[in-house]
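Beneath this line is the structure, given in structure tokens, with notes to follow.
Throughout, a chain's letter reflects where its sequence line sits, starting with A, and its residues are numbered from 1. Small disclaimer: the values here were computed from a predicted structure and weren't measured.
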2 protein chains.
Amino acid sequence: MYLANPTQPKAVTTADKVFEQIQHAIVEGDIASGSKVSEPELAKYYQISRSTLREALNRLEKCHLIERKANVGSRVVDCTIEGLLELYITREALEGMACRQAALNMSDKEIVDMKAMLKAHGQTQELKDGVAYYQEEGDLDFHYKIILGSHNKQLIDLICGQLYHLVRMYRCQFGMNSPRASRAFNEHFQIIQAISDRDGELAEMLMRRHIAASRKNIENKIAQQKLTEFNDKK
Amino acid sequence: MYLANPTQPKAVTTADKVFEQIQHAIVEGDIASGSKVSEPELAKYYQISRSTLREALNRLEKCHLIERKANVGSRVVDCTIEGLLELYITREALEGMACRQAALNMSDKEIVDMKAMLKAHGQTQELKDGVAYYQEEGDLDFHYKIILGSHNKQLIDLICGQLYHLVRMYRCQFGMNSPRASRAFNEHFQIIQAISDRDGELAEMLMRRHIAASRKNIENKIAQQKLTEFNDKK
DNA sequence: TAAATTTGATGTGTCGACAATTTGTTTTAA
DNA sequence: TTAAAACAAATTGTCGACACATCAAATTTA
């Protein structure tokens, strides 16, 4: 599963391309979360100079996929439960506000397009019920469109340019394939309705609940996993 | 006026130091907002190689003080009214949530310290009424403490590591020296109270209103400036 | 033996030079 | 005269080499 980020400018320079490759590798877990990143090693692997690689690393740091310490080096961020919850709390704040702004700033055409998209998703969902794969893609599409609809560069950059890389990483690595597809779909529908009514306050509230529900869902799932592990040990 | 960012790690490498110098220069307006940044020129000025300068530029980009385009170069972000309003809307979302989390996660000691700080500020304010200088510093102190009190790394990094550089830049360049000192002080007091009561919902609401009021205050001031300019022309 | 120091290997930070791209100017052609 | 093409200057992207800091193993010392 890999979905392009609609706000990410297409790669022109080699540093850009290598950045995208490493980004992909980290998100998908091919480069283990928490592992150290060796500059000479990676430079050799991608057949580029260290300068170019460092440029790529800088971009990875910008979207919070790696962390650097002076004179020591870079590490891939490690996926922890605390980190995941912190991420979702931040999403709740930012996407909630983005949704409010979208209700105020989206053009009528944008709203029509979103409704059409959601309708299309609803139909494929009926066909492929239970198969969360496409729904997953649809979910991200939905969120991206609302964020872009806020017409707020600051919000767009923070959420799409930074948070969502991490969101995708956690989704991949914790194997969260949207176990609540139909409920999420209904929530999406309500949100669109609020935006369509230009009700910013309600739109923000619904989006916050939507993300909070997702967070609680994860918390439960993890608690369940721990329980299973505990039982397996016995 | 320049205030250290408590979350910014102290500079160890030369790239770090140059970063801080340029950051300072941009925030204070010594390097004009919107102007192009020439790598050879700056490298020569600071007597460092272009590689080192580029490392510094990368950090400036991370805190949204410059923008880079491939094969073209870097520009200092330009301070526009729209940008300022977008920034404050983002602040409202993030700091509101940070304040809610602070109410949940701050230790009792942290709360006691904050109350003491606010009390001290109140006393200096009585002495130096009208002199917004210290109050300004106190305002940032207050906000930083709450953000850190959220104990949420994601929020802390986004707000302190990125947004606040821009906030300070706008404050310097638009000359916004807290014209509503005493009102802000009272609002701060209410917020602390809500945190002290562990009332996350109220804390978030008050912080959001506090920032929204600040935003509206700016909008008014700018509208007033425009009016003055208009009258001067006649 | 244990603690402290030295030393060596590895990795990061910085440098100067070359290659590739953009931009503004000049030249050419319609 | 205007528009397109070719050229020249300057700037950014990339490279390989060297300087310096860090960490671990080996040596010294108490």
Side-chain angles (χ1 to χ4, degrees), chain A residues 8-26 30-78 157 161, chain B residues 8-26 30-78 157 161:
Chain A
Q8 192 164 304
K10 59 169 168 276
V12 296
T13 176
T14 53
D16 285 325
K17 291 167 195 161
V18 173
F19 158 68
E20 286 187 355
Q21 293 186 61
I22 303 180
Q23 181 192 17
H24 194 130
I26 290 178
D30 297 334
I31 300 177
S33 99
S35 66
K36 189 165 178 341
V37 173
S38 161
E39 292 183 6
E41 189 185 318
L42 273 188
K44 193 179 169 191
Y45 180 80
Y46 289 105
Q47 310 213 19
I48 55 176
S49 74
R50 261 185 62 228
S51 319
T52 306
L53 178 78
R54 278 162 72 84
E55 186 69 37
L57 291 184
N58 268 314
R59 277 168 232 192
L60 290 167
E61 196 185 4
K62 264 170 223 159
C63 46
H64 297 204
L65 289 177
I66 68 170
E67 287 165 350
R68 291 175 73 194
K69 254 202 305 196
N71 286 318
V72 173
S74 313
R75 303 195 81 86
V76 179
V77 294
D78 46 346
D157 180 74
Chain B
Q8 193 164 303
K10 57 169 169 275
V12 296
T13 175
T14 54
D16 285 325
K17 289 168 197 161
V18 172
F19 158 69
E20 286 187 354
Q21 292 186 60
I22 302 180
Q23 180 192 17
H24 194 129
I26 290 178
D30 296 335
I31 299 176
S33 100
S35 66
K36 187 163 180 343
V37 173
S38 162
E39 292 184 6
E41 189 185 317
L42 273 188
K44 192 179 168 192
Y45 180 80
Y46 290 105
Q47 309 213 20
I48 55 175
S49 75
R50 260 186 62 229
S51 320
T52 306
L53 179 77
R54 279 163 71 84
E55 185 70 36
L57 291 184
N58 268 313
R59 277 168 231 192
L60 289 168
E61 197 186 4
K62 264 169 225 158
C63 47
H64 297 204
L65 290 177
I66 68 170
E67 288 165 350
R68 292 175 72 192
K69 253 202 305 197
N71 286 317
V72 173
S74 313
R75 304 196 81 86
V76 179
V77 294
D78 47 346
D157 182 73

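Applying the 6.0 Å contact sphere to NZ of B/Lys36 captures more than 12 heavy atoms from other residues, nucleotides or ligands.
Remark: the A/Arg50 side chain and the C/dG11 base include no donor-acceptor N/O pair separated by less than 3.5 Å.
Heavy atoms only, all atoms of each residue included: B/Val76 and B/Ile26 are closest at CG1-CG2, 3.7 Å.
Remark on DNA chain D: of its neighbouring residues B/Ser51 and B/Pro40, the 5'-side contact belongs to B/Pro40, judged by nearest-heavy-atom nucleotide.
Atom pair B/Leu53:CG and D/dT14:P shows a separation of 16 Å (rounding to whole Å applied). In this structure, B/Lys17 atom NZ and C/dG13 atom P are separated by 13 Å, rounded to whole Å. Taking atom CG on B/Leu42 and atom C1' on D/dT12, their separation rounds to 14 Å, with Å as the unit. The distance between atom CD of A/Glu55 and atom P of C/dT14, rounded to the nearest whole Å, is 15 Å. Rounded to whole angstrom, the span from the OH atom of A/Tyr46 across to the P atom of D/dC15 amounts to 15 Å. Taking atom CD1 of residue A/Ile48 and atom C1' of nucleotide D/dT14, one finds them 10 Å apart after rounding to whole Å. The distance from atom CG of A/Asn58 to atom C1' of D/dT14 is 15 Å, rounded to the nearest whole Å. Rounded to whole Å, the distance from CG on B/Leu57 to P on C/dT14 is 13 Å.
A donor-acceptor pair is defined here as one N or O able to donate and one able to accept, closer than 3.5 Å; no such pair exists between the side chain of A/Arg68 and the backbone of A/Ser74.
At the phosphate of D/dT12, neither OP1 nor OP2 sits under 4.0 Å from any side-chain N or O atom of A/Thr13. For the pair B/Thr14 and C/dT14, the criterion of a side-chain N or O lying under 4.0 Å from OP1 or OP2 is met. Residue A/Arg68 has a polar side-chain atom (N or O) positioned under 4.0 Å from OP1 or OP2 of C/dG13. For C/dT12, the OP1/OP2 oxygens have no side-chain nitrogen or oxygen of A/Arg54 closer than 4.0 Å. Phosphate contact (OP1/OP2 of C/dT12, side-chain N/O of A/Lys36, threshold under 4.0 Å): present.
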**A/Glu20/A/Gln23 under side-chain contact (heavy atoms from CB on, under 4.5 Å): CA gap, chis, key distance, verdict** = CA-CA 5 Å; A/Glu20 286 187 355; A/Gln23 181 192 17; 4.2 Å; yes

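Partner A/Leu60 forms a side chain to side chain contact (heavy atoms under 4.5 Å, CB included) with one of A/Val77, A/Val37, A/Ile22, A/Val18 and no other, that one being A/Ile22.
Listed nucleotides: C/dT14, D/dT22, D/dT14. Nearest to the side chain of A/Val72: D/dT22.
B/Val18 comes within 4.0 angstrom of no nucleic acid atom, judged by non-hydrogen atoms across all strands.
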